[in-house]
Protein chains: 2
Amino acid sequence: MRPSSEQLGKTVRAQKGFVSALFDELREGSKDTEGVTRDTFGPGEQFGYRVIETCAREMGLEQSWDHGANLYMTLPGRDRSAPRVMFGSHLDSVRHGGNFDGAAGVIAGLVAQRTLQELGISPARDITTMAIRAEESVWFQVSYIGSRTAFGRLPDGALDAKRVDTGRTLAEHMAECGADIEAVRANRAHLNANDIHTFIEIHIEQAPQLIEADLPLAIGTGVPGNFRYPEIHICGEYAHVGLPRRFRRDAALAGSDLVLGLDQIWQREDAAGRPMAFTVGRFFTNPDEHALTIVPGEMTLSLDVRAYDTDHLAKLEQEFLEVCRAIEASRGVSIDLGQRASANVAPSDPRLVDGLTEAAGRLGISTMPLASPASHDAATFTAAGVPTAMLFVRNENGSHNPHEAMEIDDFLETAAVMTEWLVHEVAND
Amino acid sequence: MRPSSEQLGKTVRAQKGFVSALFDELREGSKDTEGVTRDTFGPGEQFGYRVIETCAREMGLEQSWDHGANLYMTLPGRDRSAPRVMFGSHLDSVRHGGNFDGAAGVIAGLVAQRTLQELGISPARDITTMAIRAEESVWFQVSYIGSRTAFGRLPDGALDAKRVDTGRTLAEHMAECGADIEAVRANRAHLNANDIHTFIEIHIEQAPQLIEADLPLAIGTGVPGNFRYPEIHICGEYAHVGLPRRFRRDAALAGSDLVLGLDQIWQREDAAGRPMAFTVGRFFTNPDEHALTIVPGEMTLSLDVRAYDTDHLAKLEQEFLEVCRAIEASRGVSIDLGQRASANVAPSDPRLVDGLTEAAGRLGISTMPLASPASHDAATFTAAGVPTAMLFVRNENGSHNPHEAMEIDDFLETAAVMTEWLVHEVAND
C-alpha cells in the first residue's frame, strides 16, 4: 500500500539524526586546516567511501564496485532485470572545500532507500545509490572521471593526467584505490543507459539564489554546456614606460578589454533572461618579464563560458571571437586562443522535471526551476541517454569553500521530494 | 676667436668615425644573447667604464672618481674655480637592452670636449663629462643611484637593496666597483649645485615621436614627476564558476575596470594636449589560487603615473583614487593601495632651453620641444638646483630593447647643437 505524502514526508524528516551523524562523521574524518579535503583517488576520498560503505552495510543494501572503483548500493526490486532507478553524486571535494558538496547527493540516495525500508515498501525495480569518484576537476584537470569511467567514456589520455599536487598519474592513483586499470584503459562500460530508468542527483546550490528566493530547494533545468580556452595568450610589445599612448601595444589593456567585453555580453544576456556564465579564472602578465616601469607585452588568461542551449553557446562563442578580433585591431596585439575544449549541454528530462514538481506540490513544498551554471556528473548520464534531473538544496555561502552552509532541514525537504517522486512514480509501479 | 656656427658644425660632424668606433667598441664588449647588457655595478657596466676611461685618457682629459664610483672627465677651464659646465648620462643598461641608451649622453660630452680641443678653444670654465652609475632601476629597484650618490641624496636603506638577479646588496656591488661605502652611507656630497653652471643630458628618444615628426632631435621640456603604487592588491572573493553574475566579487574584472579607467583618463588628457603616461606593468591573479573554474578573488598590480606639472599630477592622483572608490562600490571588492612613492617634476631650465633652441637655429637644424615621459639623471640635477636641460635624439624602435635604432648622423646633429650652445654661451665668456 502506498503511504500518504504526509506520512512519507514525516518518515523522511524523522531521519534528521541519521543524516546529521553521517555528515558529522564525514566532516570529522576529512577536516583540513580549513574546511574539508577529500582528495580525488586519495586518502580523503577513500575515507568518504569507508563511511558510506559502512552505512550501506548496516542498512542491509547490496554493494558492488565497478572497474573504476565507483560504489553501487542497491535496494533490490521485485523485478531484478527491470531498468533501475539511480541516485547519487560524488564523494571527493576540492582542497579546503565544504562537507556537503557531493556527499549530500549520496546521502540523499540512502535516505530515500531507508525511507522505503521504514515504510515497508518493496520496490518494483532496483533502487541504486551510486557513490561516484573524482568529480572535482581541480585534482587531475579532467572532469567527470568517475561517471565517465562507469559508462566507458573516459577520454583518451586521461589515465596519464597527473594529479596537480602529487605529480603522479591518474592510473597510479586509481590502481591504489582498487580500480582495474586494464578495464579502464579498454573503456569497458559498467553502466548502460538501457538498464537505467532514471538518474537523479541532489546537490547543494553553488550560489545563494535560493536564499534570495527564500525557498528550500530548486529543480534543475539542466547542466550547462561549455566552451573553454584554458590558455589564451595575448602578445603585444614590451616597451619603455616613456612610450606615448598612441605607440603602445599593451597586453594588459588588451586583456582588460577582453574580460570587460565578455562582462558586457553577460550583463546584456542577464537582462534578457538568457542564462549563461563566463569565468576568467587565470589572468596574468608574465612574471619573468613584467616590471613596474615596463609596458607589459604579454598576458595569459583562461576562459570558461557556459550556457544551457547549444545555439546560445555557439552564438556566444561567435561573439567572443569577434571581441578578440576587434581588440587585435584596436590595441595592435595578436591573440592566440590555444587549445579549445567543450562540453555538450545536458538538459534535464522534462517528464522527470514535471514528476518532481508534482511531488513537491503533493508535499506542500515550494520550489522553483533553476539554471545552475556548475558542472555535475548528471551531465554524463544525460549524455549517455539516461533521463536525468537534479535537485538543488539552498546553501548560503557558495561551494568549493569552507563556508558552505546548508541546513539539514532543507536537505531533508529535498530528499522528501525525491522520495515522494520515487514512491509515486516508480517504486510501486 | 670664436668659430662660425658652420665651422663648428663641420668639426662635430667630422667626428663620425671616432663616435662610431666608440659605440662599436661598447657594443662588442657588452653583447648578450640579444642586444647588450651592461649590468649596474657589475661586469657589464665596468666594461663600459674601461672603454670611456681609455678614450678620455687618450684625449688628455683630467679624470677623477667620486665615492660612488662615478667618473668625471674634465677639460680644464681658464678659471678652475668658476662653476663648471657638465654633460653626461649613464653607462649601465637594462638586460637585453640597446647600446645607445645612456652611453650616447656620455659620448656626446666627449664629442663636445673634443670639438673644443680641435678648434683650439680654451674654455673660460671647466667642462666636465660625467659617466654616471646605476640609472636603470630594474637591477636594484632604486632609481638614480649614481647621480643621487654624487649629490649625497641616496635614500635611506638603498644600500641594502638586493640586485634582482644576484640577490647581493647594492653596498656589496658598489664596493666591488671601487665605491667608498662609508662615505656613501654618510651621504657625503661630491657635487654641489653652486659649483655647477649647467647640466645637459643627451639621450635617445624612447618613443618614435621624432620619427613621426621627421626631426633629428628635440629639446626636452623636463623630466616628469610621478606617483607610484608598486603593489596594489584588489581583494574580491574566490567563488565557484557556478556563481551567477550578480553575486560575484570578481577581482580580475575589478582590475580590468581599473586599468581601463586609467586608459580613458589618458585618452582624454591626450586629446586635451596635457601630456602624461600611466603604466600597469605587473597585473596578475594569485598563481597559488587561480584556476580555470574558480572566480578569481585576488588581483595584484603595479601603477606608475607621470606628468610634467605638479598640479596636474595631483589632479590625476585624485581622479585615480576616485576610480578606485567607484570600483569598490560597483564590484564589491576592496582595494589596498599598499606603499606609495613619488618623484617631483623636474622642468628644464627656460633660459637653457632658449639657448639650445637658438643654437639649433644658428646651425640651421630644426628641432621641437618634447615632453618625454621617461626618467633620467637630469632630474637629480634639477632637484639639486642645477639649471638643467635634455636633448633627445631620434630613435625608431624605443629603448630598453635590442632594436633601438639611432642614426649616428642624428646623434652628431644633437651633439652639434649642444656644442654650439657651449661655445656661444659659456666656453668663451
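Lettering follows sequence order; numbering is per chain, from 1.
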* **Contact class of A239(A) relative to chain B, heavy atoms under 4.5 angstrom** => neither
* Asked: Between R249(A) and G332(A), what is the shortest heavy-atom contact and its length?
  -> NE-O, 2.7 Å
* Answer yes if the side chains of R228(A) and S302(A) hold a donor-acceptor pair under 3.5 Å, and no otherwise. => no
* Asked: Does N395(A) use its side chain to pair, donor to acceptor, with the backbone of Q206(A) at less than 3.5 Å?
  -> no
* **Test item: side-chain donor near acceptor, D377(A) and H90(A), under 3.5 Å** => no
* With a 4.5 Å limit on heavy-atom distance, are the side chains of E396(A) and E404(A) in contact? -> no
* Structure fact -> If one checks every heavy atom of F278(A) against chain B at 4.5 Å, the contacting part turns out to be both
* Asked: Judged by modelled atom types alone, do H203(B) and S89(B) share a side-chain donor-acceptor pair under 3.5 Å?
  -> no
* Does any heavy atom of chain B fall under 4.5 Å from the side chain of M299(A), the backbone, both, or neither of them? -> side chain
* **Part of L303(A) lying under 4.5 Å from any heavy atom of chain B** => backbone
* Asked: Side chain, backbone, both or neither: which part of E237(A) has a heavy atom under 4.5 Å from chain B?
  -> neither
* Passes side chain to side chain donor-acceptor pair (under 3.5 Å), H96(B) versus T37(B)? Steps please. -> CA-CA 5 Å; H96(B) 300 158; T37(B) 300; 4.8 Å; no
* Structure fact -> Answer key: most heavy-atom pairs under 4.5 Å with chain B among V259(A), D304(A), V241(A) is V241(A)
* Test side chain to side chain donor-acceptor pair (under 3.5 Å) on T279(A) and R248(B) and set out the steps. => CA-CA 10 Å; T279(A) 302; R248(B) 293 194 181 195; 3.1 Å; yes
* **Top contributor to chain B contacts, counting heavy-atom pairs under 4.5 Å, from P287(A), P208(A), S137(A), A207(A)** => P208(A)
* Structure fact -> Comparing D263(A), L243(A), L253(A), V295(A) against chain B, the one with the most heavy-atom pairs below 4.5 Å turns out to be D263(A)
* Do you know which of T293(A), L260(A), L262(A) has the most heavy-atom pairs under 4.5 Å to chain B? -> L260(A)
* To do: Report the option among P224(B), P275(B), P244(B) that has the most heavy-atom pairs separated by less than 4.5 Å from atoms of chain A.
  => P244(B)
* To do: Taking the side chain as every heavy atom from C-beta outward, state whether L292(B) and Y229(A) have any pair of such atoms under 4.5 Å apart.
  => no
* Where on E231(A) is there a heavy atom nearer than 4.5 Å to chain B: the side chain, the backbone, both, or neither? -> neither
* Asked: Are F392(B) and H376(B) an aromatic pair by the rule of ring centers under 6.0 Å?
  -> yes
* Asked: Which bit of D270(A) is near chain B, if near means a heavy-atom gap under 4.5 Å: side chain, backbone, both or neither?
  -> side chain
* In terms of heavy-atom pairs under 4.5 Å, which option from R245(B), M276(B), H290(B), R282(B) contacts chain A the most? -> R245(B)
* Non-hydrogen atoms of chain B under 4.5 Å away: do they reach the side chain of F247(A), the backbone, both or neither? -> side chain
* Structure fact -> Most contact-rich option vs chain B, by heavy-atom pairs under 4.5 angstrom, among R95(A), E205(A), E212(A), is E212(A)
* Between A374(B), A251(B), A291(B), S375(B), which residue shows the highest count of heavy-atom pairs closer than 4.5 Å to chain A? -> A291(B)
* May I ask you to check whether F283(A) and F283(B) place their ring centres under 6.0 Å from each other? => yes
* Under a 4.5 Å heavy-atom cut-off, does chain B meet the side chain of N226(A), its backbone, both or neither? -> neither
* To do: Among Q141(A), R331(A), E289(A), single out the residue with the greatest number of heavy-atom pairs under 4.5 Å to chain B.
  => R331(A)
* Go through the atoms of D257(B) and report whether side chain, backbone, both or neither lie under 4.5 Å from a heavy atom of chain A. => both
* To do: Look at the side chain of Y308(A) and the backbone N and O of A371(A), then say whether any donor-acceptor pair between them is shorter than 3.5 Å.
  => yes
